[in-house]
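Start at 1 with the first residue, then count along the sequence. Computed from heavy atoms alone, side chains included, the values below leave out hydrogens, waters and symmetry copies.
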Amino acid sequence: QVALVESGGGLVQAGGSLRLSCAASGRTFSNYYMGWFRQAPGKEREFVAGINWSGGRTGYADSVKGRFTISRDNAANTVALQMNSLKPEDTAVYYCAAGRRGSYYLILSQVDYWGQGTQVNVSS
C-alpha cells in the first residue's frame with residue numbers, strides 16, 4: 001500500500017517556474033515506477049513525466065520535454081517535478097502516480113495509486 005500527497009502547486013506567470021513534490025508512505029516506494037499526470041478542465045488526464053525505480057531512466061510527454069524534470073529520492077520517499085518555462089497551457093491539476101507494471105512511461109491503466117492532486121495555474 002502506498003499513499004501519495006502532493007504539494008507545491010500555485011499561481012505563476014508564463015515563463016516562471018514551480019516545483020511539485022510528492023511524499024509517499026509505505027516501505028516499498030522504491031519498487032514502484034513513479035510519475036506525474038495532469039488534467040485540465042474538460043480534458044482527459046494525461047501523462048506528463050515518469051521515472052524508474054532507481055531514478056536512472058526518465059520519460060516525458062512531448063509537450064513538456066526540455067522544460068520539466070522529474071526526480072526521485074528513495075531514501076526520503078519523495079518524487080519531484082521541476083517545471084520551468086511554464087506556459088498557460090500547462091494549467092491543470094497535477095497528480096502524482098505510482099505503478100508496478102509496464103514501464104516508467106506510465107499509462108492510466110497501469111497506475112496503482114494516485115495522489116489527491118495539486119492545482120497549477122499559469123497566467124499569460
Next on the checklist: Let me check something: do V79 and W114 share a hydrophobic cluster, defined by ILVMFWY side-chain heavy atoms less than 4.5 Å apart, either directly or through other members?
Outcome noted: no
Checklist entry - Cluster question for you: counting only ILVMFWY and a side-chain heavy-atom cut-off of under 4.5 Å, with indirect links fine, are V93 and M34 together? => result no
Checklist entry - Looking at residues at least two apart in the chain, or sitting in another chain, which of them share a side chain to side chain donor-acceptor pair (under 3.5 Å) with K43? => result none
Checklist entry - Considering residues at least two apart in sequence or located in another chain, which fulfil the side chain to side chain donor-acceptor pair (under 3.5 Å) criterion with Q116? => result E6
Next on the checklist: Determine whether a donor-acceptor pair (N or O, by modelled atom type, separation under 3.5 Å) exists between the side chain of N77 and the backbone of G26.
Outcome noted: yes
Checklist entry - Taking atom CZ of F29 and atom CG of L4, what is their separation to the nearest 0.5 Å? => result 8.0 Å
Item to check | Nearest-0.5 Å distance, CD of residue Q1 to OG of residue S25 | outcome: 8.0 Å
Next on the checklist: Applying side chain to side chain contact (heavy atoms under 4.5 Å, CB included) to Y32 and I51, what does each step give before you reach the verdict?
Outcome noted: CA-CA 9 Å; Y32 287 82; I51 191 166; over 6 Å; no
In chain order, what residues pass the side-chain contact (heavy atoms from CB on, under 4.5 Å) check against [X], with sequence neighbours excluded?
X: S21; answer: S7
X: S123; answer: L11, Q13
X: R19; answer: S71, A80, Q82
X: S63; answer: R38, A61

Checklist entry - Taking only residues at least two apart or on different chains, which pairs with a member in residues 94-111 satisfy salt bridge (charged side-chain N to carboxylate O under 4.0 Å, His left out)? => result R101-D112
Item to check | Pairs touching residues 66-87 that satisfy salt bridge (charged side-chain N to carboxylate O under 4.0 Å, His left out), sequence neighbours left out | outcome: R67-D90
Disulfide bond (SG atoms under 2.5 Å apart): pairs with one or both residues in [range], sequence neighbours excluded:
range: residues 30-74; value: none
range: residues 52-87; value: none
range: residues 73-124; value: C22-C96

Closest heavy-atom contact between [X] and [Y]?
X: Y113; Y: V2; value: CD2-O, 3.3 Å
X: A92; Y: A40; value: CB-N, 3.8 Å
X: S17; Y: S85; value: OG-N, 4.4 Å
X: L81; Y: A49; value: CD1-CB, 4.0 Å

Item to check | Stepwise side chain to side chain contact (heavy atoms under 4.5 Å, CB included) test for W53 and N74 | outcome: CA-CA 8 Å; W53 304 291; N74 287 338; 5.6 Å; no
Do [X] and [Y] have side chains that approach each other closer than 4.5 Å (heavy atoms only, starting at C-beta)?
X: L18; Y: L86; value: yes
X: E44; Y: F37; value: no
X: W36; Y: I70; value: yes
X: L20; Y: T118; value: yes

Checklist entry - Can you pull the ring-ring contact (aromatic ring centres under 6.0 Å, His included) pairs that have at least one residue in residues 64-105, sequence neighbours excluded? => result F47-Y105
Next on the checklist: One pair to check against side chain to side chain contact (heavy atoms under 4.5 Å, CB included): T91 and V120. What are the steps and the verdict?
Outcome noted: CA-CA 5 Å; T91 293; V120 171; 5.8 Å; no
